[in-house]
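For reference, the structure is listed below as structure tokens.
Basis for what follows: all heavy atoms, side chains included, without hydrogens, waters or symmetry-related copies.
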Amino acid sequence: NPVAVAVFGSVELDLREAQIPAGANEIRAFAVLGSVEITVAPGMAVEVVGVGVFGEFSRSGKASMPQPGMPAIRVSGLALFGSVTVQEKE
């Protein structure tokens with residue numbers, strides 16, 4: 001499973017054109033005094049289950065209904081004095 005780590009910096013993951021296999025996939029994201037921003041395509045099923053400690057771990061903006069045939073992604077991890085956000089864009 002992929003891991004994104006940001007310590008005193010930032011990580012940007014744009015998954016809109018990524019070749020992601022069908023089924024369950026997980027990204028583990030960790031931000032310590034930094035940020036991890038994950039961008040997904042409309043219709044992608046996303047589950048955000050991380051923990052924010054003096055920080056934010058969330059899905060922001062609009063979230064469209066999951067579409068059949070689109071991959072499913074679970075984002076887990078920790079934001080410690082930082083942020084992990086998942087957003088949907090065209």
Side-chain angles (χ1 to χ4, degrees):
N1 292 331
V3 177
V5 178
V7 179
F8 291 107
S10 63
V11 174
E12 295 179 11
L13 296 176
D14 188 341
L15 304 178
R16 291 177 289 180
E17 296 185 26
Q19 299 294 322
I20 301 171
N25 299 281
E26 183 170 6
I27 296 173
R28 298 179 66 204
F30 300 94
V32 179
L33 295 167
S35 66
V36 176
E37 298 175 3
I38 302 170
T39 304
V40 298
M44 188 177 288
V46 179
E47 178 185 13
V48 179
V49 293
V51 175
V53 178
F54 295 107
E56 175 185 16
F57 204 109
S58 66
R59 181 163 187 172
S60 65
K62 68 175 185 171
S64 60
M65 294 295 295
Q67 300 297 312
M70 292 291 283
I73 295 181
R74 181 176 198 259
V75 180
S76 63
L78 172 70
L80 179 63
F81 293 100
S83 66
V84 175
T85 56
V86 179
Q87 64 182 343
E88 181 179 299
K89 286 186 182 176
E90 294 280 337

**OP:** Look at the side-chain heavy atoms of Ile, Leu, Val, Met, Phe, Trp and Tyr, link any pair under 4.5 Å apart, and say whether V32 and V53 land in one connected group.
**Re:** yes
**OP:** Could you list the residues that satisfy side-chain contact (heavy atoms from CB on, under 4.5 Å) with A18, not counting sequence neighbours?
**Re:** L15, I20
**OP:** Any chance you could measure L78, atom CG, to F57, atom CZ, to the nearest 0.5 Å?
**Re:** 8.0 Å
Original post:
For the residue pair M70 and P42, what are the closest heavy atoms and their distance?
Top reply: CE-O, 3.5 Å
Subject >> V51 reachable from I38 in the ILVMFWY side-chain graph, under 4.5 Å edges >> reply: no
**OP:** Verify the cluster assignment for V36 and L80: are they in a single hydrophobic cluster under the rule of side-chain heavy atoms below 4.5 Å apart?
**Re:** no
Original post:
Taking only residues two or more places apart in sequence, or in another chain, which ones meet A45 in a side-chain contact (heavy atoms from CB on, under 4.5 Å)?
Top reply: P66, A72
Subject >> Closest non-hydrogen atom pair, G34 against A31 >> reply: O-CB, 3.6 Å
Subject >> By side-chain contact (heavy atoms from CB on, under 4.5 Å) - contacts of E17 (at least two apart) >> reply: none
Identify all side-chain donor-acceptor contacts of residues 58-65 below 3.5 Å with residues at least two apart in sequence or on another chain.
unit_1, atom_1, unit_2, atom_2, d
S58, OG, E56, OE2, 2.8
R59, NH2, E88, OE1, 3.2
S64, OG, G43, N, 3.0
S64, OG, E88, OE1, 3.2
S64, OG, E88, OE2, 2.9

Original post:
If you look at every heavy atom in P71 and P21, which pair is closest and at what distance?
Top reply: CB-O, 3.7 Å
**OP:** Please collect all side chain to side chain donor-acceptor pair (under 3.5 Å) contacts where either partner lies in residues 3-15, sequence neighbours excluded, each pair once.
**Re:** D14-R16
**OP:** Could you list all the salt bridge (charged side-chain N to carboxylate O under 4.0 Å, His left out) pairs where at least one residue sits in residues 37-46, not counting sequence neighbours?
**Re:** none
Original post:
Taking only residues two or more places apart in sequence, or in another chain, which ones meet L33 in a side-chain contact (heavy atoms from CB on, under 4.5 Å)?
Top reply: F8, F81
Subject >> Pairs where residues 63-78 contributes a residue and the test salt bridge (charged side-chain N to carboxylate O under 4.0 Å, His left out) is met, not counting sequence neighbours >> reply: E26-R74, E47-R74
Subject >> Verdict with reasoning, V11 to V5, per side chain to side chain contact (heavy atoms under 4.5 Å, CB included) >> reply: CA-CA 7 Å; V11 174; V5 178; over 6 Å; no
Subject >> Straight-line distance of Q87 CD to T39 OG1, nearest 0.5 Å >> reply: 4.5 Å
Subject >> Pairs meeting criterion ring pair (Phe, Tyr, Trp, His ring centres under 6.0 Å) with involvement of residues 12-38, two or more places apart >> reply: none
